[in-house]
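Heavy atoms only: backbone and side chains are in, while hydrogens, waters and symmetry mates are out.
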Amino acid sequence: IRELENTIESAVVLAENEEISAKDLPIISPNGSDQRRCWLLKSIEENTEKSHIQDVLVIVGGNKKRAATMLGLSYTTFWRKLKKYQIA
């Protein structure tokens with residue numbers, strides 16, 4: 001569900017018009033011509049994920065175990081994401 005939310009959010013940000021079209025979705029062509037677009041989408045998704053983790057940590061008062069549970073992540077995966085995004 002989070003991946004779908006991130007995809008839709010990215011499409012809304014990158015859409016050239018008021019309507020989202022297929023070209024606004026993060027589809028990579030076989031020839032790799034969309035590499036720059038893919039990098040931008042990944043960056044947006046990572047920023048969204050980092051912000052979401054930080055928000056959940058605030059909600060649970062910094063309790064990392066509860067935050068991992070709320071996010072539907074294993075404790076190990078949650079710790080990896082904390083390290084990846086340099087969240088104390």
Side-chain angles (χ1 to χ4, degrees):
I1 291 176
R2 284 191 304 262
E3 187 174 338
L4 177 60
E5 288 174 346
N6 289 337
T7 299
I8 292 169
E9 184 174 296
S10 297
V12 169
V13 171
L14 296 174
E16 295 176 9
N17 301 312
E18 288 187 28
E19 287 186 18
I20 297 172
S21 66
K23 69 179 182 174
D24 299 315
L25 297 173
I27 301 169
I28 302 172
S29 65
N31 65 10
S33 63
D34 294 332
Q35 281 184 326
R36 182 174 178 272
R37 182 186 190 122
C38 180
W39 176 85
L40 178 60
L41 289 173
K42 183 176 179 182
S43 176
I44 291 169
E45 289 171 359
E46 287 179 348
N47 285 336
T48 301
E49 183 176 51
K50 178 180 179 180
S51 177
H52 189 59
I53 290 170
Q54 290 171 321
D55 291 345
V56 170
L57 280 168
V58 169
I59 291 168
V60 297
N63 184 319
K64 292 177 174 73
K65 189 163 186 153
R66 276 189 64 203
T69 301
M70 283 185 71
L71 292 167
L73 301 172
S74 72
Y75 197 57
T76 305
T77 300
F78 182 72
W79 273 100
R80 284 189 192 123
K81 291 184 181 290
L82 291 178
K83 185 175 180 180
K84 175 182 179 180
Y85 298 125
Q86 300 177 348
I87 300 172

Looking only at heavy atoms, what is the nearest atom pair of Ser74 and Ala68, with distance? O-CB, 4.3 Å
Parallel, tilted or perpendicular: ring planes of Tyr75 versus Trp79, cut at 30 and 60 degrees: perpendicular
Residues Thr77 and Leu73: closest non-hydrogen pair is CG2-CD2, 4.1 Å
Euclidean distance, Thr69 OG1 relative to Phe78 CZ, rounded to 0.5 Å: 9.5 Å
Approximate separation, where rounding is to 0.5 Å, of Arg66 CZ and Leu57 CG: 11.0 Å
Side-chain donor/acceptor pairs under 3.5 Å, residues 81-88, sequence neighbours excluded:
{"from": "Lys81", "atom 1": "NZ", "to": "Glu49", "atom 2": "OE2", "distance (Å)": "2.8"}
{"from": "Lys84", "atom 1": "NZ", "to": "Glu46", "atom 2": "OE2", "distance (Å)": "3.3"}
{"from": "Tyr85", "atom 1": "OH", "to": "Glu49", "atom 2": "OE1", "distance (Å)": "2.3"}

Enter the distance from Met70:CE to Ile53:CD1 here, rounded to the nearest 0.5 Å. 12.5 Å
